[in-house]
*Asks:* 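Would you mind keeping the following structure in view while I ask a few things?
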Amino acid sequence: MPPTALPLTADADAKASDAELAARAAQGDTQAFARIMRRHNQLLFRTARSILHSDADTEDALQDAYLRAWRAIGGFRDEAKLSTWLVRIVINEALGRLRRRGAQVIPLDGGVASEDDDAPDTQLADDPDRQPERLAMREDLRRLMERRIDRLPDAYRTVFVLRAVQELSVGETAEALQLPEATVRLRFFRARSLLRDSLSRDLDLATGDAFAFDGARCDRIVARVLAALP
C-alpha cells in the first residue's frame with residue numbers, strides 16, 4: 001500500500017498512543033509515522049550516538065533505522081513498547097555500521113573494554129571568580145560531559161546514556177539492551193563512578209543537557225525520512 005497522510009489534526013496526533021500511531025503507520029499513514037519520529041527522535045539519537053560517537057554518522061544511522069522501522073512496522077505488536085522496539089532497530093543499525101567500516105564492535109551484552117583510557121580531561125578552573133556566567137558555564141560543562149561520556153568503555157556508555165541522559169528506568173534499559181537488570185545497575189554505577197572521577201559535583205548539572213536534540217535537527221531527520229519513504 002502506498003504511503004498516505006490521513007487528515008488528522010496535530011493535536012489529535014499528539015494525544016494518540018504509540019500503539020495507535022503504529023497501527024496507522026502500518027496502514028501507510030506517513031503523518032502518524034512523522035509523529036512517531038518526533039516523539040522518539042531524542043531517545044534514538046542519543047542511543048545511536050552512544051555507539052557511533054559522531055553526530056553526522058548518527059543522523060545517517062537514524063534515518064536508515066527509521067526506514068527499516070517503516071518497512072517492518074506492520075509486524076510490531078503492541079504488547080511490547082514501541083520505544084523499545086525502535087531502540088533495538090537503531091542499535092542494530094549503529095552496530096552494523098561499525099562492523100561495515102571494520103571497527104572493533106563489543107556486544108552490549110558482552111565484556112567490558114579496558115578502562116585505561118579514562119584519564120580526566122582538562123578541568124574547569126577552581127576559582128569561582130574566573131568562571132563564566134551561568135549559561136556559558138552550563139554549555140562548557142555540557143561539552144565536557146559529552147566528551148567524557150564518549151570515552152566511557154563501550155559496555156557502560158549506552159547504559160549510561162539510556163539511564164542518566166534519557167532517564168529510562170532500569171527495567172526499560174534492560175529490555176532495550178537485552179541485559180539482566182542487575183547488569184544494568186552494575187554498569188550504570190560503574191559509569192557514574194568513572195565520570196565522577198573527573199566531573200565531581202558538576203555531573204548532575206550537565207547530564208540533562210548532554211547531546212541536546214534541537215528542533216532543526218529533529219525537523220531535518222523527519223524531512224529526510226519522509227522524502228525517502230517508498
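Note that the numbering runs from 1 along the sequence shown for the chain. Side chains included, hydrogens not; waters and symmetry mates left out as well; all remaining heavy atoms used.
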*Asks:* I need the Leu162 CG to Leu168 CG distance, nearest 0.5 Å.
*Replies:*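 CG of Leu168 is found 5.5 Å from CG of Leu162.
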
*Asks:* Using the salt bridge (charged side-chain N to carboxylate O under 4.0 Å, His left out) criterion, which residues pair with Glu175? Sequence neighbours excluded.
*Replies:* none

*Asks:* I'd like to check the ring-ring contact (aromatic ring centres under 6.0 Å, His included) partners of Phe33; sequence neighbours left out, ordered by chain and number.
*Replies:*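 If we apply the ring-ring contact (aromatic ring centres under 6.0 Å, His included) test to Phe33, skipping adjacent residues, the hits are Trp70.
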
*Asks:* Applying the 4.5 Å side-chain criterion to the ILVMFWY set and letting contacts propagate, would Leu186 and Leu179 be lumped into a single cluster?
*Replies:*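 As far as the 4.5 Å side-chain criterion goes, Leu179 and Leu186 are not connected within one cluster.
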
*Asks:* If you take all heavy atoms of Ala94 and Leu52, which pair is closest and at what distance?
*Replies:* O-CD2, 3.6 Å

*Asks:* Is there a side-chain contact (heavy atoms from CB on, under 4.5 Å) between Thr183 and Val159? Walk through the geometry before answering.
*Replies:* CA-CA 10 Å; Thr183 301; Val159 168; over 6 Å; no

*Asks:* When you look at Asp154 and Arg187, which way does the salt bridge (Lys or Arg N to Asp or Glu O under 4.0 Å) test go after all the steps?
*Replies:* CA-CA 10 Å; Asp154 291 347; Arg187 293 184 182 182; over 6 Å; no

*Asks:* Run the side chain to side chain contact (heavy atoms under 4.5 Å, CB included) test against Asn92 and tell me which residues pass, sequence neighbours left out.
*Replies:* Arg88

*Asks:* The criterion is side-chain hydrogen bond (donor to acceptor under 3.5 Å, both in side chains); which residues satisfy it with Asp64, sequence neighbours excluded?
*Replies:*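 Residues passing side-chain hydrogen bond (donor to acceptor under 3.5 Å, both in side chains) with Asp64: Arg97.
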
*Asks:* Distance from Lys15 atom NZ to Leu21 atom CG, nearest 0.5 Å?
*Replies:*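 Output value for this atom pair is 14.0 Å.
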
*Asks:* Using the salt bridge (charged side-chain N to carboxylate O under 4.0 Å, His left out) criterion, which residues pair with Asp55? Sequence neighbours excluded.
*Replies:* Arg49, Arg217

*Asks:* Would one find more than 12 heavy atoms of other residues, nucleotides or ligands at under 6.0 Å from atom CZ of Arg224?
*Replies:* yes

*Asks:* Which value, rounded to the nearest 0.5 Å, describes the distance between Lys81 atom NZ and Phe76 atom CZ?
*Replies:* 10.5 Å

*Asks:* Output all residues satisfying side-chain hydrogen bond (donor to acceptor under 3.5 Å, both in side chains) with Arg38, sequence neighbours left out; order by chain, then residue number.
*Replies:* Asp219

*Asks:* Do you reckon Phe188 sits in the same ILVMFWY cluster as Leu177, going by side-chain contacts under 4.5 Å, direct or chained?
*Replies:*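 Yes, it is one cluster - the side chains of Phe188 and Leu177 are joined through contacts under 4.5 Å.
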
*Asks:* Could you tell me which non-hydrogen atom of Ser83 sits nearest to which non-hydrogen atom of Leu43, and how far apart they are?
*Replies:* CB-CD2, 3.9 Å

*Asks:* With sequence neighbours excluded, tell me which residues meet side chain to side chain contact (heavy atoms under 4.5 Å, CB included) with Ser54.
*Replies:*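 So Ser54 forms a side chain to side chain contact (heavy atoms under 4.5 Å, CB included) with Ala56, Asp57.
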
*Asks:* Any non-hydrogen side-chain atom of Glu93 less than 4.5 Å from a side-chain atom of Asp60?
*Replies:*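 Counting from C-beta outward, Glu93 and Asp60 never come under 4.5 Å.
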
*Asks:* Start with the C-alpha gap between Val165 and Met145, add the side-chain angles, then the distance that decides, and say whether side-chain contact (heavy atoms from CB on, under 4.5 Å) holds.
*Replies:* CA-CA 11 Å; Val165 182; Met145 170 65 78; over 6 Å; no

*Asks:* Any chance you could measure Arg163, atom CZ, to Phe189, atom CZ, to the nearest 0.5 Å?
*Replies:* 13.5 Å

*Asks:* Rounded to the nearest 0.5 Å, what's the gap from CG on Leu98 to NE2 on His53? Could you check?
*Replies:*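 The CG atom of Leu98 sits 8.0 Å away from the NE2 atom of His53.
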
*Asks:* Under the side-chain contact (heavy atoms from CB on, under 4.5 Å) criterion, do Arg24 and Arg35 qualify, and how do the steps go?
*Replies:* CA-CA 11 Å; Arg24 286 167 45 196; Arg35 174 59 64 179; over 6 Å; no

*Asks:* List the atom of Ala48, the atom of Val90, and the distance in Å for their closest heavy-atom pair.
*Replies:*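 Scanning both residues, the minimum pair turns out to be CB-CG2, 3.8 Å.
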
*Asks:* Can you check whether Val87 reaches Thr84 side chain to side chain, under 4.5 Å on heavy atoms?
*Replies:* no

*Asks:* For Ala174, give me all partners under side chain to side chain contact (heavy atoms under 4.5 Å, CB included), at least two apart in sequence or on another chain.
*Replies:*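 For Ala174 the side chain to side chain contact (heavy atoms under 4.5 Å, CB included) partners, ignoring immediate neighbours, are Glu181, Val184.
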
*Asks:* Could you measure the distance from the OH atom of Tyr66 to the CD1 atom of Ile89? Nearest 0.5 Å is fine.
*Replies:*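 Those atoms lie 10.0 Å apart.
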
*Asks:* For residues Ala26 and Gly74, report the shortest heavy-atom separation together with the two atoms involved.
*Replies:*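 Closest heavy-atom pair between Ala26 and Gly74: CB-CA, 3.9 Å.
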
*Asks:* Sequence neighbours excluded, which residues qualify as side chain to side chain contact (heavy atoms under 4.5 Å, CB included) partners of Ser50?
*Replies:*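 In terms of side chain to side chain contact (heavy atoms under 4.5 Å, CB included), with neighbours along the sequence ignored, Ser50 is linked to Arg157, Thr158, Val161.
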
*Asks:* State, to 0.1 Å, how close Tyr156 and Ala191 come at their nearest heavy-atom pair, and which atoms those are.
*Replies:*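 Closest approach of Tyr156 to Ala191, heavy atoms only: CB-CB, 4.0 Å.
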
*Asks:* Can you name the salt bridge (charged side-chain N to carboxylate O under 4.0 Å, His left out) partners of Glu20, sequence neighbours left out?
*Replies:*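 With neighbours one apart ignored, the set is empty.
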
*Asks:* Is the closest side-chain heavy-atom distance between Val222 and Asn41 below 4.5 Å?
*Replies:* yes

*Asks:* Would Arg185 and Val170 satisfy side-chain contact (heavy atoms from CB on, under 4.5 Å), going step by step from the backbone distance to the final call?
*Replies:* CA-CA 7 Å; Arg185 291 190 182 93; Val170 171; 4.0 Å; yes

*Asks:* Please give me the minimum heavy-atom distance between Ala25 and Ala32, naming the atom from each residue.
*Replies:* N-CB, 4.0 Å

